[in-house]
Structure formats: structure tokens, C-alpha cells
There are 2 protein chains.
Amino acid sequence: MKVTRAQVVEGAFEALRAHGLAGLSMRRLAQDLDVAPGALYYHVASKQELLAAVAERILADWPSGAADPRSAAAGLRRALLQVRDGAEVVSFVQAFRPESVAPTRELRTLFAEHLGEREADWAARTVVHFVLGFVAEEQNHDELVRAGILPDDPARQAESEEAFAFGVDAILTGLDVRAT
Amino acid sequence: MKVTRAQVVEGAFEALRAHGLAGLSMRRLAQDLDVAPGALYYHVASKQELLAAVAERILADWPSGAADPRSAAAGLRRALLQVRDGAEVVSFVQAFRPESVAPTRELRTLFAEHLGEREADWAARTVVHFVLGFVAEEQNHDELVRAGILPDDPARQAESEEAFAFGVDAILTGLDVRAT
DNA sequence: ACCTGAACACCGTTCAAGT
DNA sequence: ACCTGAACACCGTTCAAGT
């Protein structure tokens, strides 16, 4: 069999959606793509590099071009929630190559309208840290429910929306005060 | 050889400090403690449970009893920076068992002076998400420098202090506005 | 250019059997 | 009560050799 780099990344993305991060191994991915494990290393340098590409793939479904930070944050959360362990994968990449996370760049541009260059960068990272941490907690809770360790709680969904809005509002309010 | 649970946790804590999360395996830990790998499972249920105990150990060096959220956040950051990959380990636990992270509980109590119960909980988690994400980025950068992938940048240290203060200030300002 | 086969050096976890 | 030995079912990565 023969694969392209794009197919390797797409395969990893779909494996993540189906099995989560714990179920995404190079060997299993190779089997899904009908190649030997070693073949993957012709297309990607390492699993780490592959995960970075998968993170970009996750964020590709992100509605770029948000008008304001509030909707940018909401859009980021929505994109992360589409994929199992999405926040954990993107967190990993944000920590290792922060420049490659598109929402951080877009938020920086939005904040640059009201803040200096350094402050805009800090503000963007503050928002992204909150969103990634918040969604990681949500999704890890989901994994525990899926594994039958925690009971399913239908009320939690609504509370999450509220808690997320509360946090984003607080951060943006604080940044606004600082900007004016 | 014979070990106690406390020795297993302390050994894992020291292994983390010395080798980082990537270098902390159950087999290696067993070797350090002079027992067979299987012996560890008499004292801990799983690696995940052990990491939760290590996270508590990291936070034990945290100056509990902070007077205000600002110094609580600074203290949390300081404790995390003492241990290689400290933020990643605590993030992991915060996502899986949020109630067991002491700083979240303390922050919640501090915020409860000015906010309702639900809001105080959300506020505490907002601050903790920011601190964990911020320090994870700092420490992963350190790991890349250590591995020789990124150049050492002495100016970054000072910038980090500023960026952290900026983020915490923004969040707390926003929460204050909301509280009054 | 791209892949296979096979190996290297590891993992976490379980469990009968020992003391 | 606590540990060992040995196994099970995996990992990520490399690399000569093949087409």
C-alpha cells in the first residue's frame, strides 16, 4: 500500500475522533492505513510532529475571522469539543509550539486594536490558556463517564456553558479595563 | 526489599524532579526502589493513581493560607516551577479529579467572600486553568531548551514574570468588577 | 521515492507462587 | 502482608533491504 502525508494526518485525526488519544498509536494507525509501522516515518518525523499536524487539522474546523474575542473563544471551544481529547492534543502543541496555534494568532490581532504588541500577545495567551484548560477538564470528565467511572450527569452540560461564559466574561472584562 | 506507599510516592516525586515526566516509568521507579515492577501494584492501583498522589505531593510545598487570590496564584506558580513538568502532572489531576487540587479549594474559599457559591467555584477554576496553562507552556519551553531544540534565552525569564502578572491581574480585575 | 521485515529498547499490568 | 518471576499485550523508532 501507498499513502501520502495528508492521508496519514487525516487517518490520525479520524483515529483520534474514534478512539481518543489513548487509542492513537503509530502501530495502530499504520494498521488502519494498511502499511507497516516504519512506513509512517517516511511521512512524519515523529509522533510528536504528527500530533502537531493533527492539532492544526482540529483547528481547521475553527470558524476563523471572528469579529471579537468573545466569539473567537466560543468558536475555539466548539472546535475542540468536536474531537475526543481535542483540548489535550492542542494544549500539547500550544505548549511546544505556541506560534502554530491559529486561534492565538487571531486573538492577538483582535487585541492589538486596543492594546500594545506585548500586551496583545499576553492577552491572547491568557484567553487560550483558559479555554484549553476548561475544555480539557470537560473532555476528561467525558472520558471518565465513557469509561463508566463517573455517572452521566445531564445537568452538567448546561452548567458548563454558564461556567465557560462566566470565565470568558471575567477575563475579557479585565482586559477591557486594562485597555481603556 | 520492602517499601511503603509513602516511599513509592516520594520516589516518584524525586524521579519526576530528576528526569521529568517522560523519564518516569513504573519499571524505572521500581528499579530505583529496589523492588520488582509488580510490587508497586501492591501500594498503588495504577500509574494514574500514583500521579495523582505525586500531584498532591507537589502542592504540599505550596504556601497554603494565602490572604488573597493574587498571592495564591503566585504561590501556586512557584510550587509548580519547583518540579520538572509540575504543571503537566497537576493539570492531568485537575482535569481528572478537580476536587483533589488544594489550590482550587483555597481559591474558592477566598472568592466566596465576594461571590456566590457557584460563581466562586467558577472563578477559582478560571484562575487555576490560567496558571496551569501558563506554567505548562513555561516548563515545556524549558524542556525544549534542555533538549537543545531551542536556544536558551535569558530575557525570557523576566518577560514570563510580566506576562504572568498581566494575565492574573486581568482575570482578577474582571472578577472584581463582577463581584461588586 | 516509498515500503517491508525485523529488530531494539522499552512500556503498564497481572498473577501464581513464594516468604 | 508483601514480594518475585515471568509472562501478556503492547509501545515508538530505526534501518538494511527490497521494488
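In what follows, chains carry the letters A, B, and so on, assigned in the order in which the sequence lines appear, proteins first and then strands, with residues in each chain numbered from 1.
Regarding B:Met26, its CE atom lies at a distance of 21 Å from the P atom of D:dC8, rounded to whole Å. Rounded to an integer number of Å, the gap from CG of B:Leu33 to C1' of D:dC3 is 13 Å. Look at CZ on B:Arg27: it is 13 Å from P on D:dC8, rounded to the nearest Å. For the pair A:Met1 CE and C:dT4 C1', the interatomic distance rounds to 14 Å; values are reported in whole Å. A straight line from CG of A:Leu24 to C1' of D:dC10 spans 15 Å, rounded to a whole angstrom. Residue B:Lys47 contributes atom NZ, which lies 14 Å from atom C1' of D:dC10 at whole-angstrom precision. At whole-Å resolution of the value, NE2 in B:His19 and C1' in C:dC10 are 16 Å apart. Spacing between atom NE2 of A:His43 and atom C1' of D:dT13 amounts to 16 Å, rounded to whole angstrom units.
When both distances must be under 3.5 Å, the Watson-Crick or G-U wobble mate of D:dG18 is C:dC2. Pair check for C:dA7 finds D:dT13; Watson-Crick or G-U wobble, both atom distances under 3.5 Å.
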Query raised in the report: Would A:Ser100 and A:Glu56 count as a side chain to side chain donor-acceptor pair (under 3.5 Å) if you check the C-alpha gap in whole Å, the side-chain angles of each, and the deciding distance to 0.1 Å?
Result: CA-CA 8 Å; A:Ser100 84; A:Glu56 276 179 47; 4.5 Å; no
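Nearest nucleotide to the side chain of B:Ser25, out of C:dC11, C:dC2, D:dC11: C:dC11. Comparing D:dT4, C:dC8, C:dT13 by their closest approach to the side chain of B:Pro37 singles out C:dT13. With D:dC3, D:dC11, D:dA1 as the choices, the nucleotide that has an atom nearest any side-chain atom of B:Tyr42 turns out to be D:dA1. Side-chain atoms of A:Ala39 lie closest to C:dT4 of the nucleotides D:dT4, D:dT13, C:dT4.
Across the interface with DNA chain D, nearest-nucleotide mapping of A:Tyr41 and B:Gly38 shows B:Gly38 to be the residue nearer the 5′ end.
Contact annotation: B:Lys2 does not reach the phosphate of D:dC2 (side-chain N/O to OP1 or OP2, under 4.0 Å).
Judged by the 6.0 Å distance and 45° axis criteria, B:Arg77 is positioned over the aromatic ring of B:Phe164.
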Using atom names, set out every protein N or O paired with an N or O of nucleotides 17-19 of chain C below 3.5 Å, distance rounded to 0.1 Å.
none

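Taking the side chain as every heavy atom from C-beta outward, B:Phe111 and B:Glu119 never approach each other to under 4.5 Å. Annotation: side chain of B:Arg118 is not in contact with side chain of A:Phe166 (no heavy-atom distance under 4.5 Å). You'll find the side chain of B:Leu21 stays beyond 4.5 Å of the side chain of B:Arg84, heavy atoms only.
In this structure, B:Ala22 and B:Asp85 approach most closely via the heavy-atom pair N-OD2, 4.5 Å.
With A:Val35 as the fixed residue, the side-chain contact (heavy atoms from CB on, under 4.5 Å) test singles out one of A:Gln7, A:His43, A:Met1: A:Met1.
With both ends at atom C1', the span from C:dC8 to D:dC10 equals 15 Å, rounded to whole Å.
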